[in-house]
Amino acid sequence: MQASNQQIAKILRDVAAAYIIKKTGNVFEIRAYENAADNIEHSTSEIKDLWEEGKLDEIPGLGQKMQGYLDELFKTGRVKHFNDVKKGLKSIFFELLDVPGVGPKTAQKLVKSGVISLGDLKSKIIKGDRMLLPYAFAQAQRILDYLKKSKDVLEVHSLGSLRRMVATIGDLDFSASSKNPQKVVDYFCQMPGIDRIIEKGDTRATIILQSGLQVDILVGQPESYGALLQHFTGSKAHNIKLRTLAQANGLTLSEHTKTKTEEEFYKLLNMDIPASEIREDTGEIEASLNHKLPKLVEIGDIRGDLHLHSNYPIKSPSHGPGADSIEEIVKKAIDLGYEYVGISDHPPGFTSVSKEEIISWVQKRAKVIQSMNTKSIRVLNGLEIDILGNGDLSVPDEALETLDYCIAGIHSGHRNDITKRLMLALQNPHVDIVSHPTNRLLNERDSSEADWEEIFKYCVKNQKLLEINGYPNRLDLRDDLVRSALEYGVKFVINTDAHELSQMDNMRFGVSVARRGWGEDKDIVNTWDFTNFAKWFKIKS
DNA sequence: GCCGTTTTCGGCCCGACTGTTTTCAGTCG
């Protein structure tokens, strides 16, 4: 059977809800189902794939019994035990659980009263795409600007998944420090553009903007603002682990714990403070306790951008060219403080342009790029070429060997033979980098499936790089795959894939992906000074 | 039902807001 993580999570939550209504099973057993559902929903691997590979153990909260149920589910499409537990409950009961604010008890009450029709139910379920990270940033900035204008606000921050720099954001979370929390909540609820107020209390509120965006605020006193920041940054799993740990040490931690800073909060547990990007309960708590946190790469470490598209003239471009000239791109790179910058246009389409024409186009363009070099920046000659359906490249070797570096990427046939094609492309000695390796487009196209382990091993052995692409709807290689790749020793380059000058500022989002993958500067070749960088690419200086 | 540096038995995160059952259960993050 086909089953997404979300569908499986829903199946487990339904069982938990049935237990609650039938008053069978204890509260902790129910919590175990909900916990398993949470972990499955947040897993970056497909549970079905893990099951096929016998790796269900990788998901926390799945014990022997739960794994047995999932085994039955995938093999037969049903689980007898689940059906027994759910027996006697109407299907509308389970649909009602998807309505915000409706849990098992309320749903059962509504079913019994018989006043609910499926029609009004569906209209209450808000289900939109999640926001891309840069869009969420821009929205958050406007709200921050508004909140800062209140004289009652001492400090204000955007938290939640935005502060953790997750690739897509569901709602926006803010914290504020104030001596008069109630006044700040009132002020927040008067923000222009509000459609409705969902919840409003002494210290917190939830609103929906006319755009449909949900915004939460949590306000606290300055003396416990550190705990508030920590609490509302999450993730939920990270917080639960911390509080469980606190409990074992005879402490009770919450957003009210008297700590002015997050450092103080973590200090209570003798922990170093983990960067917000890695607070996902994937080992950062243990690393914090053992004082072994990674020193994550920072935006200031970046010394160049290698994936940039210019408007250099081209006959029959294979893909969309950039909007700005090479000269303008170089100037922007200097403004960004880069030591080197690489122009990587798409080559002419090989189906309509002869091999000889492609070679002479590459040669002519090389001279233009060469002429851009100045004392303040090194300008490099690259291309982003296609990996074709059979694994061949769209540009002949005679042209590739004249480049400083070559990026190869799949731009068609995103479902076919990915492993084989990537491996064939990597075997070409001129190919240095695989661009946007999984080819996902957020909210549009899922990651391609491939044998990443095989690809990672090959990259390490043969000095090949994977790209972390900072384009807003790519953020590819994904953070979780970055982390696994780093365990094999893979090196990366973080690029923006900018098609216009302003997109060169997206580097910070590429860096955040690397950080979420626990990447350090040593792992990212474009944090290296030009001497070391050039050595890797065998570029003559 | 899960899990392990006090434990293979005996625990399991914490607190705010809503609505109504005026003292708390249900839901959420």
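Throughout, a chain's letter reflects where its sequence line sits, starting with A, and its residues are numbered from 1. Just so it is clear, the values below take in all heavy atoms, side chains as well, and ignore hydrogens, waters and symmetry mates.
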Opposite nucleotide pairing with B:dT8, Watson-Crick or G-U, both atom distances under 3.5 Å
none
Nucleotide B:dG15, atom P - distance to CD of A:Q221 in whole Å
17 Å
Which residues pass the side chain to side chain donor-acceptor pair (under 3.5 Å) test with A:D216, sequence neighbours left out?
A:T206, A:Q214
Indicate yes or no: does A:E286 engage A:K241 in a salt bridge with an N to O separation below 4.0 Å.
yes
Collect all protein-nucleotide pairs involving nucleotides 1-3 of chain B in which both atoms are nitrogen or oxygen and the distance is under 3.5 Å.
unit_1	atom_1	unit_2	atom_2	d
B:dG1	OP1	A:Y69	OH	3.0
B:dG1	OP2	A:E29	OE2	3.1
B:dG1	OP2	A:K65	NZ	3.2
B:dG1	O5'	A:E29	OE2	3.3
B:dC2	OP1	A:G63	N	2.6
B:dC2	OP1	A:G63	O	3.4
B:dC2	OP1	A:M66	N	3.1
B:dC3	OP1	A:G61	N	2.8

Do the ring planes of A:Y69 and A:Y33 sit parallel (below 30°), tilted (30 to 60°) or perpendicular (above 60°)?
parallel
Roughly how many Å apart are B:dC2 and B:dT8, using the C1' atom of each and rounding to a whole number?
12 Å
Mind checking if A:K241 touches a base, just sugar-phosphate, or nothing, with heavy atoms under 4.0 Å?
nothing
Pick base, sugar-phosphate or nothing for A:T206, based on heavy-atom distances below 4.0 Å to the nucleic acid.
nothing
Using only side-chain N and O atoms of A:T203, determine if any of them is under 4.0 Å from OP1 or OP2 of B:dC17.
yes
Separation between the P atoms of B:dA16 and B:dT22, rounded to whole Å
22 Å
Using the C1' atom as the reference point in each nucleotide, state the distance between B:dT20 and B:dA25 in Å, no decimals.
10 Å
For A:A36, answer base if it contacts any base atom (sugar-phosphate contacts may also be present), sugar-phosphate if it contacts only those atoms, and nothing otherwise; contact means non-hydrogen atoms under 4.0 Å.
nothing
Can you tell me how far P in B:dG15 sits from the matching atom in B:dT21, rounded to whole Å?
28 Å
5′-ward residue of the pair A:I198/A:E255 relative to DNA chain B
A:E255
Cationic tip of A:R508 above A:F137 ring, under 6.0 Å, 45° of axis:
yes
Enumerate the ring pair (Phe, Tyr, Trp, His ring centres under 6.0 Å) contacts for residues 168-224 of chain A, please, sequence neighbours excluded, ordered by first and then second residue.
A:Y146-A:Y187
May I ask you to say whether A:D38 pairs ionically with A:K236, meaning some side-chain N is under 4.0 Å from a carboxylate O?
yes
May I ask you to evaluate whether A:H238 reaches the phosphate of B:dC13, defined as a side-chain N or O under 4.0 Å from OP1 or OP2?
no
Closest to the A:T244 side chain, choosing from B:dG15, B:dT21, B:dC13
B:dC13
With the side chain of A:T106 defined as its heavy atoms from C-beta on, choose the nearest nucleotide among B:dT18, B:dT27, B:dG15.
B:dT27
For residues A:H231 and A:Y225, establish whether the separation of their ring centroids is below 6.0 Å.
no
Minimum-distance nucleotide (side-chain atoms of A:H231 versus B:dG29, B:dA16, B:dG15)
B:dG29
Atom-to-atom span, NZ of A:K105 to P of B:dT21 - whole angstrom
16 Å
When A:V102 and A:G201 are each assigned the nearest nucleotide of DNA chain B, the 5'-most assignment goes to A:G201
A:K10 side-chain N/O to A:F94 backbone N/O, donor-acceptor pair under 3.5 Å:
yes
Considering only the C1' atoms, how many Å lie between B:dG19 and B:dG4, rounded to the nearest integer?
41 Å
Out of B:dC14, B:dG29, B:dC13, which nucleotide sits closest to the side chain of A:R31?
B:dC13
B:dT7 and B:dC17: how far apart are their C1' atoms, nearest whole angstrom?
37 Å
Under 4.0 Å: is that the gap between some side-chain N or O of A:Q247 and OP1 or OP2 of B:dC14?
yes
